[in-house]
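Scope of the values below: all heavy atoms of this structure, side chains included, with no hydrogens, waters or symmetry mates. Read the numbers this way: they start at 1 and go in the same order the structure lists the ligands and their atoms.
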Amino acid sequence: MRHFLSIEQLSAADFKTLLKDTPKIKKQRGSRSKRPLAGQIWAMVFSKASTRTRVSFEVGIRELGGQVVFLPATEIQLGRGEPIKDTARVLGRMVHGAVFRTFQQSDVEEFARYAGIPTVNALTDGEHPCQILADIFTFQEKRGPIQGKVVTFIGDGACNVVTSWIFAAAKLGFELRIAAPKAFQPAPELLGRSGGKVVCTEDIKAAASGADVLYTDVWVSMGKEAESSDRIKQLTGYQINARTVKLAKSNALVMHCLPAYRGKEIDEETFEANAQTIFDQAENRLHAQKAILSWLVS
Ligand code: CP
Ligand code: NVA
């Protein structure tokens, strides 16, 4: 049985397969699209807010012929303390697949183990693998193979999105530079586990120079709201703006997984100047996730 739980656990070969399938699925949308989820019902269990992930999965599952049951964690017994493994065993007997957005990475892994149905990580504190697949597809759609390129992340370098980028760098052979204050850089243990070419620095200029991609994410990830003011204080300056864009290659893509907080991780002017790329990224969540779903049931 296949799951899509992390970029760490995804083989390089499967990663490349999904990157090849996504443009085909995008092109076929609305015409002679296949319906590999026909007759299936998928559960979406969300313990955190979502716009893009929720809508793209709901639309994607339906376009592939399936039906969806959306279950906010606060409205099911999971939110009142029913164990994940019990929730998983119930859903596993009733639905054909699950998309789970939660806190601990170990929670989605436990869910997959007990449910016995294909399970997708729709974001945990550990990883956001669907996002990174869509992002890399977006880059390749615009600029060709990512292998050998330089991706620079500026901001909270210890968040879920960065962790998925770290594992992707090792699997697809590009350089990842992370510009963040020391306290917001990834753990050395994680970098040891991933391998690949990953450079961590506090020096935004060094990180952005000659980059093919400038990428950022929110300074305050979901679940970290209590640290909000401290994070804003420490991360101030780790922003994508006209100065950082000037350092990167002249055709560099500015990317953001969204939601974006103007004046924090990116300024308004730079965001709007790169809105085409950023909203292509958002749209590509749909196509990339349809590729994931099709691959899970193939
Ligand atoms: N990028 C992303 O996952 O957005 P949502 O939180 O809106 O799903
Ligand atoms: N790092 C962010 C990503 C949002 C899509 C978070 O976890 O809130």
Problem set entry | Region of Thr53 engaging ligand 1 - heavy atom pairs below 4.0 Å | both

Exercise. Does some non-hydrogen atom of Leu258 fall short of 4.0 Å from ligand 2?
Worked result: yes

For this session: Would you kindly say whether Asn274 and Thr277 are connected by a side-chain donor-acceptor distance under 3.5 Å?
Result: no

Exercise. Would you say Asp217 has any N or O atom under 3.5 Å from an N or O of ligand 2, going by distance alone?
Worked result: yes

Problem set entry | CG-CG distance between Asp267 and Asn241, expressed to the nearest 0.5 angstrom | 5.0 Å

Seminar exercise, completed: Any heavy atom of Thr53 under 4.0 Å from ligand 2? The part involved is neither

Exercise. Considering only protein heavy atoms, which is closest to atom 8 (O) of ligand 2, and at what distance to one decimal place?
Worked result: Met222 N, 2.8 Å

Exercise. Could you give the distance from CD (Gln9) to CD (Glu127), rounded to the nearest 0.5 Å?
Worked result: 8.0 Å

Problem set entry | For ligand 2, the portion of Asn160 having any non-hydrogen atom under 4.0 Å away | side chain

Exercise. Any N or O of Leu123 that comes nearer than 3.5 Å to an N or O of ligand 1?
Worked result: no

Exercise. Against heavy atoms of Leu258, which atoms of ligand 1 measure under 4.0 Å?
Worked result: 1 (N), 2 (C), 4 (O)

Exercise. Is any N or O atom of Arg54, backbone or side chain, closer than 3.5 Å to an N or O atom of ligand 1?
Worked result: no

Problem set entry | Donor + acceptor pair across side chains of Gln105, Asn121 (<3.5 Å) | yes

Exercise. Judging by distance only, is a nitrogen or oxygen of Pro259 under 3.5 angstrom from one on ligand 1?
Worked result: no

For this session: Check whether any N or O atom of Ser221, backbone or side chain, sits under 3.5 Å from an N or O atom of ligand 2, and answer yes or no.
Result: yes

Exercise. Is it the case that more than 12 heavy atoms not belonging to Met1 sit under 6.0 Å from its CE atom?
Worked result: yes

Exercise. Mind checking whether Phe153 and Trp165 have ring centres under 6.0 Å apart?
Worked result: no

Exercise. Starting from atom 6 (O) of ligand 1, which protein heavy atom do you reach first, and at what distance in Å?
Worked result: Arg101 NH1, 2.9 Å

For this session: Please write down residue, atom name and distance for the protein heavy atom closest to atom 4 (C) of ligand 2.
Result: Leu123 CD1, 4.0 Å

Exercise. Parallel under 30°, tilted from 30 to 60°, perpendicular over 60°: which one fits the rings of Phe70 and Phe46?
Worked result: tilted

Problem set entry | For atom 4 (O) of ligand 1, closest protein heavy-atom neighbour | Arg52 NE, 2.8 Å

Exercise. Quick one: which ligand 2 atoms are inside 4.0 Å of a heavy atom on Val218?
Worked result: 2 (C)

For this session: Answer yes or no: does atom CD of Gln140 have more than 12 heavy-atom neighbours from other residues, nucleotides or ligands under 6.0 Å?
Result: yes

For this session: Report the member of Gln131, Lys48, Gln281, Met222 with the shortest heavy-atom distance to atom 1 (N) of ligand 1.
Result: Gln131

For this session: Look at the rings of Phe111 and Phe100 and say which category their plane angle falls in: under 30° parallel, 30 to 60° tilted, over 60° perpendicular.
Result: tilted

